[in-house]
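One structure below.
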Amino acid sequence: MTTAKAHSNNIKHVLRTKHGLTLTNLAEQNSWKFRDVSDIVRGIRSGHFGKGREVAEKIKELTGLDPANPEPSSH
């Protein structure tokens, strides 16, 4: 079982090591607010609609990790 904090740290680690990005850089490159990106990564917002969904999809594309689901799928 992965905690939300550990999951957010994994996302940040992959962004930093594989893409050289911080959350601030990711937000700036995509014209998003840092707070929107941070809230999605930390699990504060679900990322199912609107800007949150856009952020979550980009994070999943870059990292392979779903910010809305810290548990790996069993499929």
Side-chain angles (χ1 to χ4, degrees):
M1 180 172 165
T2 305
T3 66
K5 181 162 177 64
H7 187 63
S8 69
N9 285 340
N10 287 342
I11 290 171
K12 290 185 280 186
H13 178 74
V14 172
L15 282 172
R16 185 67 166 168
T17 58
K18 291 191 176 181
H19 303 284
L21 293 172
T22 63
L23 295 185
T24 301
N25 299 138
L26 181 63
E28 288 173 353
Q29 286 182 4
N30 292 283
S31 300
W32 298 326
K33 295 178 184 173
F34 169 79
R35 184 61 181 250
D36 291 336
V37 176
S38 177
D39 285 353
I40 295 297
V41 169
R42 291 181 298 135
I44 304 294
R45 291 177 43 197
S46 62
H48 293 293
F49 304 100
K51 185 72 67 182
R53 182 180 184 122
E54 188 180 325
V55 172
E57 287 176 350
K58 182 68 170 184
I59 290 169
K60 189 172 183 180
E61 175 188 322
L62 290 172
T63 66
L65 300 169
D66 186 355
N69 184 14
E71 296 298 321
S73 71
S74 58
H75 298 107

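When reading the values below, keep in mind they use all heavy atoms of this one structure, side chains included, and skip hydrogens, waters and symmetry mates.
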Next on the checklist: Strictly distance-based, threshold 3.5 Å: is any side-chain N or O of His19 a donor or acceptor partner for the main-chain N or O of Thr63?
Outcome noted: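 Side chain of His19 to backbone of Thr63: no pair is present.
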Distance-minimising heavy-atom pair for [X] and [Y]:
| X | Y | answer |
| --- | --- | --- |
| Gln29 | Leu21 | NE2-CD2, 3.4 Å |
| Val37 | Ala27 | CG2-CB, 3.8 Å |
| Asp66 | His7 | O-NE2, 2.9 Å |
| Ser46 | Ala68 | O-CB, 3.5 Å |

Next on the checklist: According to side-chain hydrogen bond (donor to acceptor under 3.5 Å, both in side chains), who are the partners of Asn25, at least two apart in sequence or on a separate chain?
Outcome noted: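 Listed in chain order: Thr22.
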Can I get a per-line list of side-chain donor-acceptor pairs under 3.5 Å for residues 54-62, giving both atom names and the distance, sequence neighbours left out?
from	atom 1	to	atom 2	distance (Å)
Glu54	OE2	Trp32	NE1	3.0
Glu57	OE2	Arg53	NE	2.9

Next on the checklist: Under the rule for salt bridge (charged side-chain N to carboxylate O under 4.0 Å, His left out), what residues qualify as partners of Asp39, not counting sequence neighbours?
Outcome noted: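 For Asp39 the salt bridge (charged side-chain N to carboxylate O under 4.0 Å, His left out) partners, ignoring immediate neighbours, are Arg35, Arg42.
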Item to check | Transitive ILVMFWY side-chain link Leu26 to Phe34, under 4.5 Å | outcome: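 Leu26 clusters together with Phe34.
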